[in-house]
Amino acid sequence: MPFDLAIYIAMYITIFLFGIVIGSFLNVCIYRIPKGESIVVVRSHCMNCNYELRWYDLVPLLSFLLLRGKCRKCNTGLSPQYPIVEAANGLLYCLVFATCGFSLNSVCYCLLFSALIVISVIDWRTYEIPIGCNIFILAVGLIHLFLDYTNWLQYVIGLLAVSSFLMIIFWATKGRGIGGGDVKLMACCGLLLGWKLILVAFFFGCILGAVLHLIRMKVSGADRQLAFGPYLSLGVAIATLWGEQILAWYLNFY
């Protein structure tokens with residue numbers, strides 16, 4: 001194997017391993033934030049018997065496999081969410097660096113994707129987007145703005161481009177047409193991505209939300225109430241990774 005290829009593979013293995021470690025923390029956030037529990041003070045424990053997990057119970061992916069998806073003490077089955085979130089975060093980190101290159105921008109996008117995973121799962125279950133997650137994305141957006149300060153105007157416009165429209169809907173429907181968390185999510189992501197990409201994100205979020213939710217209603221009898229956060233998050237992910245190419249393809253028609 002050529003030396004350069006070996007280095008390249010080692011870098012992506014490192015990125016994946018770092019991603020699944022962060023993914024393990026995301027699981028903590030997903031379970032504790034809706035309950036109002038601390039995500040840093042309380043030690044990880046079994047949800048059934050309250051057994052305090054040891055370090056060897058917390059190795060991302062590996063511990064779940066070795067324990068065969070069960071608690072070491074009470075033998076209760078563990079949620080498959082644990083390895084799914086960990087693996088998804090690791091793979092998304094690799095995808096970000098493969099698509100966007102090795103840069104500080106990619107680090108910001110990885111942090112964004114982690115927050116979107118937490119938002120998607122919590123909103124899917126509770127129909128609420130935690131304000132802390134939006135504040136985290138806002139902070140990442142401000143860092144990204146600092147890194148590309150010469151183009152500050154496009155990010156400031158992005159803050160308002162979609163969120164102002166959604167805020168009008170929120171006011172007009174008194175919160176029945178769109179949730180306040182969705183408005184804040186689009187504002188924070190708009191500051192991070194800029195107005196062009198946030199429009200792409202919103203377009204794909206709406207299309208995916210309409211199509212996939214209709215399929216869910218038809219196939220599984222899902223309620224008409226829509227958790228919009230996961231679909232908006234998916235739209236943001238698409239815009240982050242391929243938004244520029246999508247815009248270039250679209251503008252070629254004119």
Quiz item: Hey, is the main chain of Ile20 close enough, under 3.5 Å, to the side chain of Asn89 for a donor-acceptor pair?
Solution: no
Quiz item: Is the count of non-hydrogen atoms from other residues, nucleotides or ligands lying under 6.0 Å from Tyr127 atom OH greater than 12?
Solution: yes
Practice problem: Can you spot which of Val96, Ile246, Val236 makes a side-chain contact (heavy atoms from CB on, under 4.5 Å) with Leu241? | Solution: Val96
Quiz item: Does the side chain to side chain contact (heavy atoms under 4.5 Å, CB included) test come out yes or no for Leu185 and Leu116, once each step is laid out?
Solution: CA-CA 9 Å; Leu185 175 62; Leu116 293 178; 4.1 Å; yes
Self-check item: Geometric cation-pi criterion, Arg125 with Tyr31: 6.0 Å, 45°
Solution: yes
Practice problem: Before giving the answer on ring-ring contact (aromatic ring centres under 6.0 Å, His included), spell out for Tyr8 and Tyr12 the whole-Å C-alpha distance, their side-chain angles and the decisive distance to 0.1 Å. | Solution: CA-CA 7 Å; Tyr8 194 71; Tyr12 276 99; 5.0 Å; yes
Quiz prompt | Tyr93 ring center near Phe97 ring center (under 6.0 Å) | solution = no
Quiz prompt | Side-chain donor or acceptor of Arg32 paired with backbone N/O of Ser38 under 3.5 Å | solution = yes
Quiz item: Could you state the interatomic distance from CZ (Phe113) to OG (Ser120), rounded to the nearest 0.5 Å?
Solution: 11.0 Å
Quiz item: Hey, what do you get for CG (Asn151) to CD1 (Ile157), rounding to the nearest 0.5 Å?
Solution: 11.0 Å
Quiz item: Does any N or O in the side chain of Asn252 come within less than 3.5 Å of the main-chain N or O of Ala248, such that one atom is a donor and the other an acceptor?
Solution: yes
Self-check item: Nearest-0.5 Å distance that lies between atom CG in Leu208 and atom CZ in Phe203
Solution: 9.0 Å
Quiz item: Which atom names give the shortest non-hydrogen contact between Cys94 and Ile15, and what distance separates them?
Solution: N-CG2, 3.9 Å
Exercise. Return yes if some donor-acceptor pair links the side-chain N/O of Ser106 with the main-chain N/O of Phe102 below 3.5 Å, else return no.
Key: no
Quiz item: Taking Glu86 as the fixed residue, which of Leu61, Leu91, Leu62 is the one that meets the side-chain contact (heavy atoms from CB on, under 4.5 Å) rule?
Solution: Leu61
Quiz item: Should the ring pair Tyr149 and Phe146 be called parallel, tilted or perpendicular, given that the plane angle runs from 0 to 90° and is split at 30 and 60?
Solution: tilted
Practice problem: Specify the closest pair of heavy atoms between Ile198 and Val162, including all atoms of both residues, with the distance to one decimal. | Solution: O-CG2, 3.8 Å
Quiz item: So, for Ile137 and Ala115, which heavy atoms are closest and what is the spacing to 0.1 Å?
Solution: CG1-CB, 3.7 Å
